[in-house]
Amino acid sequence: MTYNYKSSFLQKLSTRGFLYQCTHDQEMDNLFAEGPQKLYIGFDATADSLHVGSLLPLMVLRWAHLCGHEVILLLGGGTTLVGDPSGKEETRTILTKEIICTYTKGIKESVGKLLPMQDDRVRVLNNADWLASLNYLDFLRDIGSLFSVNKMLALESVKTRLDRAQNLSFLEFNYMLCQAYDFFVLSDQQGCMIQGGGSDQWGNIVSGVDLIRRKSGKQAYGLTFPLIETRDGVKMGKTAGGAVWLHPEKKSAYDYWQYWRNVDDREIERFLLLFTCLDEETISDIVKGDPNKAKIRLADEATRLLRGEEVLGAIHETVAALSQEKAPYTVTTTPEGFPVVNTDLPLYKVNRSFLEQDSLLMNLLIEAGAIESKSAVRRLIRDGALSLDGEKIQDELYQISLKDLIDPFVIHIKIGKKKNLLLQVLP
RNA sequence: GGGGGGAUAGCCAAGUGGUCAACGGCAGCAGACUGUAAAUCUGCCCGCGAUUGCGUUCGUAGGUUCGAAUCCUACUCCCCCCA
């Protein structure tokens, strides 16, 4: 459905493919066109970092901020204790308060440079601040009385669980009330009348809108975004190496860049629109050209948005070095005379004394922690997937000795076509 | 409450006393081809080890047997039908 929005914000979202559902298309548009509004999106603390699956809502917040609106990033410190049953076929594992607390911290950090946290139009709140201290009976009377179980049972998220006779605990059943209450609190205390979320959040959002109307007679609004699946129908962000985390400590800038560099050709345009801030014309130009260049651009832009301009130089140097079969690292020396390897690739270290006793390559790799078992190394060598400094290893019992190593004692190991790592022999 | 069916590796799904670490398919990994894409073809794919070895798997716990994913008993969970 294409609709011409008056507000620059919704128009942006619409043309870029962010919109899935809206509670009140036109009214919301009028609101955004009138002047600065407040928009909130919540993120539950189910892991110590967000991953690319959450990038889409984060980008919405970014656009809202760019369009002059105020954004609230709500950390689900309270709601995570309950566990959202939406979109889940099984009961979520119940996390302890302590874990959730450290997770919320990680989640906040993982947002990185996507939002200017110090800006006064960006706020980070935690719903534990009002949910944790609720009095059960008061809550039941004030909020619970306004909910219809009949209605809740009809909701998609609840229905699928009931239809499958999958256990839905009373705890989880209450998630919706908590999220609705969040919305009410934010509308009441912050004047935030608009909530966004993934399409699986529709039911939760709508019940918040409902609650606000019943409780304060005010009109609130909700909008949802599509869930992005890759061409194979797999939820975005899951790759061989697991989730594509946003937190720098869980995903190096180089790997993050590579994730975007390697997307399916057919996703290029969509991803450029969703995950970069390039304007639409530039994007359509990029898409007309060489897909590899387009993907590099996508990787550059996406990495820049999350991690900042400063990481790009080193990534490009590494990429260039690898393609030209040059050393993908540099070595500097500390004032004390110790060599320091500078690289974007994972660096494993092993003591020289180890090589003096054992010269089997596979043992070296295991000792360094680069590969987990001898079987794994053998498999790779048998498949012809392992190379050392550009030379393919054929022999499962390949020997390596100190004599083979030259000065900085760094070995570039390549596993398959894309995995590169370095192994440094400490003097 | 009564009756029937089911639970197999990451997922789907065969197997119904030894030849079963368990057919297929998907996903994953690797190779070839290419463009660090896709499609296709090939190899690997429980873990460890290694020329035929060891360990752990077929819902859970016991039992029968020289031998069980396969038979028996109990338990747990799921699906369907009737009330």
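Note: hydrogens, waters and symmetry copies are ignored here, and every other heavy atom, side chains too, is used.
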Sequence neighbours excluded, which residues qualify as salt bridge (charged side-chain N to carboxylate O under 4.0 Å, His left out) partners of A:Glu310? A:Lys113
For a quick test of your reading: what N or O donor-acceptor pairs under 3.5 Å do the side chains of residues 417-425 of chain A make, sequence neighbours left out?
from	atom 1	to	atom 2	distance (Å)
A:Asn420	OD1	A:His412	NE2	2.8
A:Asn420	ND2	A:Lys418	O	3.4

Expressed in angstrom and rounded to an integer, what is the separation of A:Asp264 atom CG from B:A38 atom P? 6 Å
note: A:Ile268, atom CD1; B:G35, atom P; distance rounded to Å ~ 15 Å
With sequence neighbours left out, the residues meeting ring pair (Phe, Tyr, Trp, His ring centres under 6.0 Å) with A:His69 are A:Phe9, A:Phe32
Ring pair (Phe, Tyr, Trp, His ring centres under 6.0 Å) partners of A:Phe147, counting only residues at least two apart: none
Under 4.0 angstrom, heavy atoms only, what part of the nucleic acid is A:Val319 near: base, sugar-phosphate, or nothing? base
Nucleic acid contacts of residues 288-318 of chain A, taken as heavy-atom distances under 4.0 Å to RNA chain B: A:Pro291, A:Asn292, A:Lys295
side-chain contact (heavy atoms from CB on, under 4.5 Å) with A:Asn126: which residues, sequence neighbours excluded? A:Leu75, A:Thr104, A:Ala128, A:Asp129
Under the ring pair (Phe, Tyr, Trp, His ring centres under 6.0 Å) rule, collect the residues that match up with A:Phe183, sequence neighbours excluded. A:Tyr40
Salt bridge (charged side-chain N to carboxylate O under 4.0 Å, His left out) contacts touching residues 42-67 of chain A (sequence neighbours left out): A:Asp48-A:Lys250
Show the atom names and distances, to 0.1 Å, of all donor-acceptor pairs under 3.5 Å that link a side chain in residues 317-324 of chain A to residues at least two apart or in another chain.
from	atom 1	to	atom 2	distance (Å)
A:Thr318	OG1	A:Ala314	O	2.9
A:Ser323	OG	A:Ala320	O	2.9
A:Gln324	OE1	A:Lys326	NZ	2.9

Paired nucleotide for B:U16 [Watson-Crick or G-U wobble; both distances under 3.5 Å]: none
Report the residues that fulfil ring pair (Phe, Tyr, Trp, His ring centres under 6.0 Å) with A:Phe139, sequence neighbours left out, ordered by chain and then residue number. A:Tyr181
Identify each atom pair where a protein N or O and an N or O of nucleotides 30-33 of chain B are less than 3.5 Å apart, giving names and distance.
from	atom 1	to	atom 2	distance (Å)
B:A30	O2'	A:Asp383	O	3.1
B:A32	OP2	A:Lys417	NZ	3.4

Base versus backbone protein contacts along nucleotides 46-52 of chain B [heavy-atom cut-off under 4.0 Å; B, S, -]: --SBB--
Criterion side chain to side chain contact (heavy atoms under 4.5 Å, CB included) against A:Pro291, the qualifying member of A:Ile286, A:Ile268, A:Ile296, A:Val263: A:Ile268
